[in-house]
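Just passing along the structure, written as structure tokens.
Given the structure is predicted, the values throughout are model-derived calculations rather than measurements. The first residue of the sequence shown is numbered 1, and numbering continues consecutively from there.
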Amino acid sequence: MANEEDDPVVQEIKPKQQKVELEMAIDTLNPNYCRSKGEQIALNVDGACADETSTYSSKLMDKQTFCSSQTTSNTSRYAAALYRQGELHLTPLHGILQLRPSFSYLDKADAKHREREAANEAGDSSQDEAEEDVKQITVRFSRPESEQARQRRVQSYEFLQKKQAEEPWVHLHYHGLRDSRSEHERQYLLCQGSSGVENTELVKSPSEYLMMLMPPSQEEEKDKPVAPSNVLSMAQLRTLPLADQIKILMKNVKVMPFANLMSLLGPSVDSVAVLRGIQKVAMLVQGNWVVKSDILYPKDSSSPHSGVPAEVLCRGRDFVMWKFTQSRWVVRKEVAAVTKLCAEDVKDFLEHMAVVRINKGWEFILPYDGEFIKKHPDVVQRQHMLWTGIQAKLEKVYNLVKETMPKKPDGQSGPAGLVSGDQRVQVAKTKAQQNHAFLERELQRRKEQMRASTVLPPVQIKEEPLSEEGEDDEQEAEDEEEPMDTSPSGGLNSRLANGLPAGRAAGGDSFNGHPLAGCASTPVARELRAFVEATFQRQFVLTLSELKRLFNLHLASLPPGHTLFSGISDRMLQDTVLAAGCKQILVPFPPQTAASPDEQKVFALWESGDISDQHRQVLLEIFSKNYRVRRNMIQSRLTQECGEDLSKQEVDKVLKDCCVSYGGMWYLKGTVQS
């Protein structure tokens, strides 16, 4: 207040259950005060007639009420500080209240308005209606109030409000900042000790003193309001470890280019560490990073729309992400038809990473990031291998027609649907050169055939009766339908030739001009040999398809620039397996099998150096002649070959190492077709 003598400030404090109401006078003579507005408020609150119960007796809003609210439940870590003559004096606080304006007068104005409207309606109706007849009324006496009813009444909101209104106001006197009484009270905030040496509590290190001054409080942390899940504080985010920062950002943003992620994390963050962390929580799609499905849908969660478990949701979202690695456009109906999920779940997947275009479908939300693709080819190759494994799993789960992934990694191809004129010309030139080379080879082959036909003697064709041809055909059909051989004779070595046909096995140290991986001394061959040996020591039987999947996972775990990223062909992988002491088991798959060629190539560790080698070899010999076998046949064959003292535990061990049981029959691992 500008003038304390002419316009004294009135303060009235009304304590009630740690709640304070402070009523302060308003300077109505101040030029900033709107007198007409003040009169209107007073008229609305008190009406035209002023009496002792009026809120504003001067017919003018000349005071304002402030109501306190408790700011915190734990005040032990707060203090009032006073700095004087180079000394800091701290006084502990036992309570902190925050004063806010109270607008209870507006409630009174609304009540007055409703009373006036009710009175006007009652007056109009009394003039129109005739005098009512006398009615009989019934008088009832209230029962004595019970103790429980009295307690409920005392604790009710209306009773507390009434009691609060009846509480008398306490009038206070205001003392200015420079007043002698204020200065006297301020002296209580100063420490009265003669010297600081007497206080042994302060003879501590700065960190210990800070811990005493600000002790950690679990209760205070619980009282903090929880921010919404879609709101991030960058100041709090940067206090977390780098891996948590990346995970939180990707979980909230869903799709982000690597450059944007680096700008959010700050210039001091190492890009190599960010690359290592982003691959744990996101997948590369068109040069951009999309958060992994298991981050959005944890293990024990479910769909809010259909209640589908998280595993099914992750599989469906992975299918959407994989489709975007093939094209910039995805059709929602196609995704729903394949994944068999409801429309709401599919829409959630697409909204995470795409935008809808009318009459076109859903387009990937970010443009193709070719700069990242060119800058980090090792990361691109590793992500390509991961997507190959995911594609194989999706094809198996959803029974998809196998679609070939691009032979070139993403770093060597442009964005889908965007091909420049120069690129088209270059592609046409490459195809023309390939066609020219093919035609040259074909012409050379025909010339050699013509020269050979001039040297060879004429071929004589022997004519035989048709009946004999029919008998020969029937004999061949009978030979093809012979039952599977289960006799112990023959041996596996005579059939396998180390997993290769006799012609290839006799080829020495090279196949088709390519040296065996086991015979090479290059770092790539040594690393590949180490992986193969370690893998077959853990799993004795593997199909080529499963081995390739494990190899891709192994590559994904290697650091960027590793020697194995130079490129490993299927032939090199198979040759390394054979050179590592494994053999190919020629399992006789049924003619109607749905297994792919890689799934029909089965490799097994022949000798591991343990006592079960002989049992395992007998078992593998059985499966070289039979696709599936009953346990009693395996038991009898092992007993016949290894002796009568073979225990059940030994049989169980060799079956667990090499086989799986399905429908009462035993199959080699990886060969069963459910």
Side-chain angles (χ1 to χ4, degrees), residues 1-75 78 80 91 93-119 153-179 181-182 185-186 188-189 223 225:
M1 303 305 167
N3 193 341
E4 296 180 4
E5 297 180 356
D6 298 339
D7 186 16
V9 178
V10 179
Q11 300 186 40
E12 300 177 355
I13 295 181
K14 183 179 180 181
K16 180 183 180 299
Q17 297 180 355
Q18 298 183 355
K19 185 176 181 180
V20 176
E21 289 186 359
L22 179 64
E23 191 175 88
M24 300 183 64
I26 298 178
D27 185 8
T28 58
L29 301 179
N30 192 290
N32 295 324
Y33 180 80
C34 181
R35 191 173 185 85
S36 61
K37 190 67 175 177
E39 292 176 351
Q40 183 64 42
I41 293 175
L43 179 63
N44 294 338
V45 173
D46 298 329
C49 300
D51 52 15
E52 296 180 355
T53 61
S54 300
T55 304
Y56 304 111
S57 57
S58 62
K59 297 185 178 182
L60 193 67
M61 183 179 178
D62 54 359
K63 57 186 177 180
Q64 175 70 52
T65 303
F66 293 86
C67 184
S68 68
S69 61
Q70 191 173 4
T71 57
T72 179
S73 59
N74 183 13
T75 59
Y78 295 95
T91 303
L93 299 179
H94 298 285
I96 302 176
L97 297 178
Q98 181 181 10
L99 294 175
R100 297 179 179 179
S102 175
F103 301 98
S104 58
Y105 62 89
L106 297 179
D107 298 335
K108 295 181 181 179
D110 292 340
K112 288 283 186 181
H113 180 69
R114 286 193 294 269
E115 289 178 0
R116 287 194 294 267
E117 287 185 348
R153 182 176 58 81
V154 170
Q155 295 176 0
S156 64
Y157 176 77
E158 295 180 357
F159 181 83
L160 294 177
Q161 288 293 104
K162 182 179 179 182
K163 187 176 181 181
Q164 178 182 352
E166 293 175 353
E167 187 175 355
W169 288 89
V170 178
H171 294 268
L172 302 178
H173 297 283
Y174 174 75
H175 299 275
L177 181 64
R178 303 298 179 183
D179 191 88
R181 178 62 182 272
S182 300
E185 293 292 337
R186 197 157 40 246
Y188 288 109
L189 299 178
D223 293 340

Please list, chain by chain and in numerical order, all residues satisfying side-chain contact (heavy atoms from CB on, under 4.5 Å) with R100, sequence neighbours excluded.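 R100: side-chain contact (heavy atoms from CB on, under 4.5 Å) contacts with S69, Q98.
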Exercise. Going from CG on L97 to SG on C67, what distance comes out if it is rounded to the nearest 0.5 angstrom?
Worked result: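 Separation between the atoms: 9.5 Å.
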What's the spacing between I26 CD1 and L60 CG if we round to 0.5 Å?
->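 Between I26 CD1 and L60 CG, I get 9.0 Å after rounding to 0.5 Å.
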- Item | Shortest non-hydrogen separation from M24 to F66 and the atoms involved |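 In terms of heavy atoms, the two residues are closest at SD-CE1, 4.0 Å.
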(Q) If the condition is side-chain contact (heavy atoms from CB on, under 4.5 Å), which residues does P31 pass it with, not counting sequence neighbours? (A)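 side-chain contact (heavy atoms from CB on, under 4.5 Å) check on P31 returns nothing, list empty.
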Please tabulate, one pair per line, all N/O donor-acceptor pairs under 3.5 Å involving side-chain atoms of residues 32-43, not counting sequence neighbours.
residue : atom : partner : partner atom : Å
N32     : ND2  : N30     : OD1          : 3.4
Y33     : OH   : M61     : O            : 2.6
Q40     : NE2  : N44     : OD1          : 3.0

Query raised in the report: Does F159 have any side-chain contact (heavy atoms from CB on, under 4.5 Å) partners at least two apart in sequence or in another chain, and if so, which?
Result: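 For F159 the side-chain contact (heavy atoms from CB on, under 4.5 Å) partners, ignoring immediate neighbours, are R153, V154, S156, K163.
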- Task: Report the distance from atom OG1 of T28 to atom CG of D62, rounding to the nearest 0.5 Å.
- Result: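 Between atom OG1 of T28 and atom CG of D62 there are 7.0 Å.
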| query | Mind checking what makes salt bridge (charged side-chain N to carboxylate O under 4.0 Å, His left out) contact with R181, not counting sequence neighbours? | reply |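 Result, salt bridge (charged side-chain N to carboxylate O under 4.0 Å, His left out) vs R181: E185.
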Can you check whether L177's main-chain N or O pairs, donor with acceptor, with S182's side chain at less than 3.5 Å?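 No: the side chain of S182 does not pair with the backbone of L177.
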